[in-house]
Structures are given as C-alpha cells and as structure tokens.
Amino acid sequence: MKAFVTGGAGFIGSHLVDKLIMRGDKVTVFDNLSSGETKYIKHHLDNPNFKFIEADLLDLKTVKKEIKSHDVVFHIAANPYVRLGEKQTRLDLEQGPIATYNVLEEMRLNDIKKIVFSSSSVVYAETPNIDIPENYGPTLPISLYGAGKLGGEGLISSFCGTFGFQAWIYRFANVVGTRGTHGVIVDFIAKLEKNPRELEILGDGCQQKPYLYVTELLDGMLFGFEHSNEQINLFNLGVDSNTTVTHIAEMVVEETKLKNVKFNYTGGKRGWAGDVPRFQLSTQKMRKLGWQASLSSDEAVRKAIQDLLVIKL
Ligand code: NAD
C-alpha cells in the first residue's frame with residue numbers, strides 16, 4: 001500500500017509512520033513542521049520506502065504534485081492545541097476544513113478514494129452522564145478546534161456521498177505517550193521543572209477524561225481500517241476508564257519523586273474556555289469489531305509520564 005500521511009512528523013503521525021513502515025508499506029509524509037519535528041521520522045530518511053515532503057497543506061500546488069499515485073491518505077495534520085482558538089479564531093478553520101478540503105479535492109483529481117481521518121471526542125461537546133456512542137447527536141462543539149474537526153468530518157462524508165470516496169473517521173479520546181508535545185502531562189512536567197515546589201492546575205482538578213496510549217491508538221486505527229468496509233466507518237477510539245486531572249498531577253509528582261508539592265487550582269470546572277470537563281466515549285463499536293485497548297486510562301497516563309521523564313533525563 002502507498003500511504004500519504006499528512007502530519008506524519010507529529011506525535012501521533014510519526015507513530016503511525018513507524019507502524020506502516022514496519023508492515024512494509026510505502027509512506028510519504030507531508031508536514032510543515034509547525035508542531036512536528038524531523039527527529040521523530042529521521043530513522044526512516046534512508047529507507048527507500050519512505051519520503052518526506054516539508055510543505056503546508058494550504059499550498060495547493062505542492063499538495064497536488066505530491067499526493068499523486070498513493071492508495072490511501074491518512075489525514076492527521078491539524079492544529080493540535082484546542083486552547084489556541086480563543087486567541088487565533090481563523091486557525092482551526094484554515095488547519096481544519098480548508099486543509100481537509102485541499103486534501104480531498106486533490107485526492108478527487110488524482111483518483112484516490114480512501115481517507116483515514118483523525119477526529120476528536122470534542123465534536124460531542126458536553127453530553128449527559130453516558131458513555132457516548134458514535135450515533136450521539138446533535139454534535140454541537142463548544143471549541144473552535146471542535147468545529148474544525150466536525151467541519152472536516154462533514155467534508156469527508158460529502159466527498160463519500162458525491163464522489164464515491166470511502167472513509168475511516170476516528171474520534172480519539174485524549175492520546176498520551178512518547179513524543180507527546182502538548183497536553184496536561186507535558187504541561188505539568190514543564191511547570192514542575194520551573195518550580196518543583198508548586199504546581200498550577202487549570203480548573204478544579206476534577207476534569208475527568210479517558211486517556212489512550214499512543215501505540216494502542218494506532219493499533220486500533222489500523223485494525224478498524226482493515227476490518228471495517230462500510231463507505232463511512234465512524235469509530236470512537238478510547239478506553240472504558242478515565243483519570244482526573246488531580247490524579248494525573250499526583251502521578252507526575254510520584255514519578256518525579258518530588259516531595260511536598262503544593263497544588264494551586266485556578267478554579268472553575270473547566271481548564272479553559274471551550275474545555276469539556278467530563279466525557280466518556282463508548283468503546284462498544286470497536287469492541288464489536290474485535291479491538292479494545294489493553295491499558296486502562298490510569299495505566300496509559302502512568303506509562304506516558306515515565307516515557308516523557310526518561311526523555312528529559
Ligand atoms: P501534532 O501537533 O504532534 O501533529 C500534527 C502534525 O501536523 C504536526 O507534525 C504539524 O507539523 C502538522 N501540521 C499542522 N498543520 C499542518 C499543515 N497546514 N500542513 C502540513 N502539516 C501540518 O499533534 P497530534 O497530537 O499528533 O495530533 C494529530 C492529530 O490527532 C490532529 O489532527 C489532532 O487534532 C488529532 N487529535 C489528537 C488528540 C491528542 O490527544 N493528541 C486527540 C484527538 C485528536
């Protein structure tokens with residue numbers, strides 16, 4: 001299989017590339033390195049099955065030139081920082097629906113019909129106290145990032161309906177692990193490096209979310225890609241347990257072996273405007289297909305903390 005991976009130099013994208021190369025696939029990474037890094041893909045640079053294009057998805061001419069003769073597109077690139085939308089209101093429009101449109105349109109012109117998309121649980125926004133199934137609706141996101149993801153899903157489904165594309169859309173839980181560049185664990189480790197006596201925690205610490213370990217996420221994505229064959233294959237990718245922000249802070253402190261760290265909460269039930277304080281994804285559809293994560297949310301968080309601390313040492 002010849003795979004075109006947008007965002008392949010990023011946290012999740014580079015783990016996907018490792019898995020695809022290991023399977024013997026040919027891989028082209030298309031990444032502008034805005035949040036990705038070449039160090040995550042440098043071990044493939046001499047591999048004849050691997051090609052790296054440093055370019056932006058908003059540069060249509062280069063997308064057009066490079067996307068040719070691939071069998072499938074894994075569209076992973078996006079702005080990964082949910083909070084940025086508060087300050088840069090065009091960002092999630094450009095890096096979401098507009099970039100996704102560019103990918104889809106050049107796929108159409110080059111007769112590439114299969115797309116795998118990294119969406120997010122944030123499309124569901126605030127839900128009643130349930131395990132959210134994929135058919136939950138209406139989906140009314142409360143962050144611009146969430147709107148960008150939902151817009152991307154809509155465009156993909158419309159290219160399926162109008163041009164006979166086939167899509168695998170995954171709504172991820174929070175993903176953690178080695179090469180992680182953002183998110184609560186990275187934030188806590190960085191803050192404790194600056195001040196080992198106090199830790200600022202956004203919100204009241206009771207925010208409660210499921211955390212999935214990155215290599216398990218990729219196993220799930222590729223399992224779904226190989227075992228489901230509807231025109232639109234829509235799946236949550238998560239775990240059945242969850243972890244509170246305070247518990248993450250406690251685990252980071254334990255793993256750093258610091259003592260007497262004072263937790264300072266900024267207060268309020270959200271970490272920031274647009275944050276969804278609590279959600280739980282239903283994993284039933286993936287389980288029915290035959291896949292489930294083996295690490296619990298707490299285990300995934302603990303392993304990710306250990307990974308990230310090893311890199312720091
Ligand atoms: P990341 O920032 O590490 O990866 C995104 C990659 O896309 C980066 O390498 C970046 O340089 C690249 N990129 C961004 N804009 C681009 C553009 N215009 N042209 C070319 N390349 C561009 O973030 P990640 O955590 O690995 O996220 C990967 C995907 O998964 C994103 O779509 C993100 O929204 C989604 N997602 C992530 C999580 C999570 O917990 N990490 C949860 C839900 C969904």
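Bear in mind that the values here come from a model prediction, so they are computed numbers and not experimental data. We count ligands from 1, going down the list as the structure has it; atoms in each ligand are counted the same way.
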Salt bridge (charged side-chain N to carboxylate O under 4.0 Å, His left out) between Arg302 and Glu299, worked out
CA-CA 5 Å; Arg302 173 92 54 189; Glu299 286 167 344; over 6 Å; no
Would you confirm whether Asp275, through its side chain, and Arg270, through its main-chain N or O, come within 3.5 Å as a donor-acceptor pair?
no
With a 4.0 Å cut-off on N to O distance, would you call Glu226 and Arg23 a salt bridge?
yes
Got a salt bridge between Lys194 and Glu200, using NZ or NE/NH1/NH2 to carboxylate O under 4.0 Å?
no
Under 4.0 Å between a side-chain nitrogen and a carboxylate oxygen: does that hold for Lys191 and Asp187?
yes
Stepwise salt bridge (charged side-chain N to carboxylate O under 4.0 Å, His left out) check, Lys51 with Glu66:
CA-CA 10 Å; Lys51 184 175 172 190; Glu66 300 297 344; 3.2 Å; yes
I need the contact residues for ligand 1: any residue with a non-hydrogen atom closer than 4.0 Å to the ligand, ordered by chain then number.
Gly7, Ala9, Gly10, Phe11, Ile12, Asp31, Asn32, Leu33, Ser34, Ser35, Gly36, Ala55, Asp56, Leu57, Ile76, Ala77, Ala78, Pro80, Gln95, Ser118, Ser119, Ser120, Tyr145, Lys149, Phe172, Ala173, Asn174, Val175, Thr181, His182
